[in-house]
Participant: 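Supplied in structure tokens, the structure appears directly below.
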Amino acid sequence: MPELPEVETIRNYLRLGNGEHPSILGKIIKSAEVTWGRSVAFPTNDEFQGKITGQTILEIDRRGKFLIFHLSDNELLLHLRMSGDLFVREEGQPPDPYDRIIFHLGDGIELAFNDTRKFGRVWLVTDLEQVIGNLGPEPFDTALSEGIFYERLQSMKRQLKPLLLDQSFLAGLGNIYSDEALHMAHLHPLTRSNRLSLEQSGRLLECIRQVLQAGIHSHGASIDWVYRGGDFQNYFRAYGRKGLPCPECGEPIERIVVGQRSTHFCPTCQAKIE
DNA sequence: ACGAGCGCCTGTCGGC
DNA sequence: TGCCGACAGGCGCTCG
């Protein structure tokens with residue numbers, strides 16, 4: 001499900017609370033109840049439950065699509081993949097059938113890692129690099145200049161769409177926001193990265209930042225049965241709009257498959273650069 | 001170096 | 001109505 005804006009929304013929800021419940025910062029993990037073993041990527045299930053018990057949630061960060069819980073002794077990383085979500089609930093509620101891990105936080109509060117499709121994973125480590133060492137730069141990192149971005153694009157001959165989905169190139173974009181960024185930047189998804197001019201690559205970086213910022217501002221996108229709150233789906237320019245008019249020129253949006261992922265673009269606005 | 005194909009999972013939707 | 005394939009916000013692996 002979630003890409004950078006959705007993960008950021010969940011991070012804020014957990015850090016700040018939402019009126020229904022308070023922030024979970026400062027809470028102590030009394031126990032972790034794992035109901036789907038493979039949700040725990042590292043260490044073993046028993047070690048995970050043993051080590052995490054008694055640790056305090058000091059702070060919650062985000063890196064790309066990863067949530068990072070800084071605990072008193074360890075780092076807890078969480079990746080929601082396609083259908084994962086996190087809910088703070090009062091204890092004693094009937095369990096949801098798709099809860100995979102329940103963290104009991106005391107004070108009658110629990111944090112549920114809910115994941116219909118079971119692709120999501122958690123890690124409990126001492127060194128973050130063990131899990132996120134290969135991630136590319138954070139899109140909003142001011143150290144990521146136009147010049148650096150241009151050089152990174154020039155150094156490869158990748159199709160733009162799969163490249164933007166590659167988390168070691170740039171951390172945080174998924175299928176929605178990469179289609180949206182390419183449409184805003186007027187770049188064809190199959191254009192090779194080394195064909196971009198300095199100006200085009202600068203525009204791409206700027207558009208990536210704009211769509212992510214807009215997504216965060218809308219509290220993410222809500223599609224299908226998953227997710228709550230966000231309304232960025234009402235502002236899609238290309239994603240999921242096959243056959244509907246391009247918001248800029250009115251031509252029908254096309255859908256193709258690239259790297260097994262559906263890809264939406266305007267054949268007029270996003271001409272391919274050979 | 002790069003991309004295609006597949007596996008991991010469960011649910012929804014549209015067509016016949 | 002019932003079945004069946006396509007599809008879904010992700011990613012790691014193997015194979016050319």
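Order of the sequence lines sets the chain letters (A, B, ...), proteins ahead of strands, with each chain counted from 1. What you are looking at is a predicted structure, and each value in this text was computed from that prediction instead of being measured.
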Participant: Below the 4.0 Å mark, does B:dT10 have OP1 or OP2 next to a side-chain nitrogen or oxygen of A:Arg81?
Facilitator: no
Participant: Side chain of A:Gln167 only, heavy atoms from C-beta on: which candidate in B:dT10, C:dC11, B:dC2 is closest?
Facilitator: C:dC11
Participant: Above 12 or not: heavy atoms from other molecules or residues under 6.0 Å from CZ of A:Arg11?
Facilitator: yes
Participant: Using heavy-atom distances to pick each residue's nearest nucleotide on DNA chain C, tell me which of A:Leu165 and A:Val257 is more 5'.
Facilitator: A:Val257
Participant: Can you tell me the distance, in whole Å, between the CG atom of A:Leu77 and the P atom of C:dG10?
Facilitator: 18 Å
Participant: Over all strands shown, is A:Gln260 touching base, sugar-phosphate only, or nothing at heavy-atom distances under 4.0 angstrom?
Facilitator: base
Participant: With P as the reference atom in both, quote the distance from B:dC6 to C:dG5 in angstrom, rounded to an integer.
Facilitator: 15 Å
Participant: Parallel, tilted or perpendicular for A:His264 and A:Tyr239, by the 30°/60° rule?
Facilitator: perpendicular
Participant: For A:Tyr235, I'd like to know if atom OH has over 12 heavy atoms of other residues, nucleotides or ligands within 6.0 Å.
Facilitator: no
Participant: Output the single nucleotide from B:dC2, C:dA8, C:dG10 whose closest atom is nearest the side chain of A:Arg117.
Facilitator: C:dA8
Participant: Do A:Leu14 and A:Ile101 sit in the same hydrophobic cluster, where Ile, Leu, Val, Met, Phe, Trp and Tyr count as joined when their side-chain heavy atoms come under 4.5 Å apart?
Facilitator: yes
Participant: Compare the minimum distances between each of B:dC2, B:dG5, C:dG9 and the side chain of A:Glu3, then state the nucleotide with the smallest one.
Facilitator: C:dG9
Participant: Within this structure, what is the CZ-to-P distance between A:Phe119 and C:dA8, rounded to whole angstrom?
Facilitator: 13 Å
Participant: Quick one: sort the A:Trp123 and A:Phe66 rings into parallel, tilted or perpendicular, breaks at 30° and 60°.
Facilitator: tilted
Participant: Round to a whole Å and report the spacing from OH of A:Tyr239 to P of C:dC7.
Facilitator: 12 Å
Participant: Taking only N and O in the side chain of A:Ser262, is any of them less than 4.0 Å away from OP1 or OP2 of C:dA8?
Facilitator: yes
Participant: Do we see a donor-acceptor contact under 3.5 Å between the side chains of A:Glu20 and A:Tyr13?
Facilitator: no
Participant: For A:Arg121, answer base if it contacts any base atom (sugar-phosphate contacts may also be present), sugar-phosphate if it contacts only those atoms, and nothing otherwise; contact means non-hydrogen atoms under 4.0 Å.
Facilitator: nothing
Participant: What is the distance, rounded to the nearest whole Å, between atom CD1 of A:Ile176 and atom P of C:dC7?
Facilitator: 17 Å
Participant: It should be established whether A:Lys65 places a side-chain nitrogen or oxygen under 4.0 Å from OP1 or OP2 of nucleotide C:dG9.
Facilitator: no
Participant: Quantified in whole Å, what is the P atom distance between nucleotide B:dG5 and nucleotide C:dA6?
Facilitator: 14 Å
Participant: Within this structure, what is the CG-to-P distance between A:Leu160 and B:dG3, rounded to whole angstrom?
Facilitator: 10 Å
Participant: Nearest 0.5 Å, please: how far is CG in A:Asn194 from CZ in A:Arg158?
Facilitator: 12.0 Å
Participant: Nearest whole Å is fine: how far is C:dA8 C1' from A:Phe236 CZ?
Facilitator: 13 Å
Participant: OP1, OP2 of B:dT10 versus side-chain N and O of A:Lys118: anything below 4.0 Å?
Facilitator: yes
Participant: For the side chain of A:Lys157, counting heavy atoms from C-beta on, which of C:dC7, B:dC2, C:dG9 is nearest?
Facilitator: B:dC2
Participant: Write down the distance between OH (A:Tyr235) and P (C:dG9), rounded to a whole number of angstrom.
Facilitator: 22 Å
Participant: Please report the distance, rounded to the nearest Å, between NE2 in A:His79 and P in B:dC8.
Facilitator: 19 Å
Participant: Any idea which heavy atoms bring A:Leu71 and A:Leu76 closest together, and the distance?
Facilitator: CD1-CB, 3.9 Å
Participant: Treat a base pair as Watson-Crick or G-U wobble with both distances under 3.5 Å, then lay out DNA chain C in dot-bracket form, 5' to 3', with | for cross-strand pairs.
Facilitator: .|||||||.|||||||
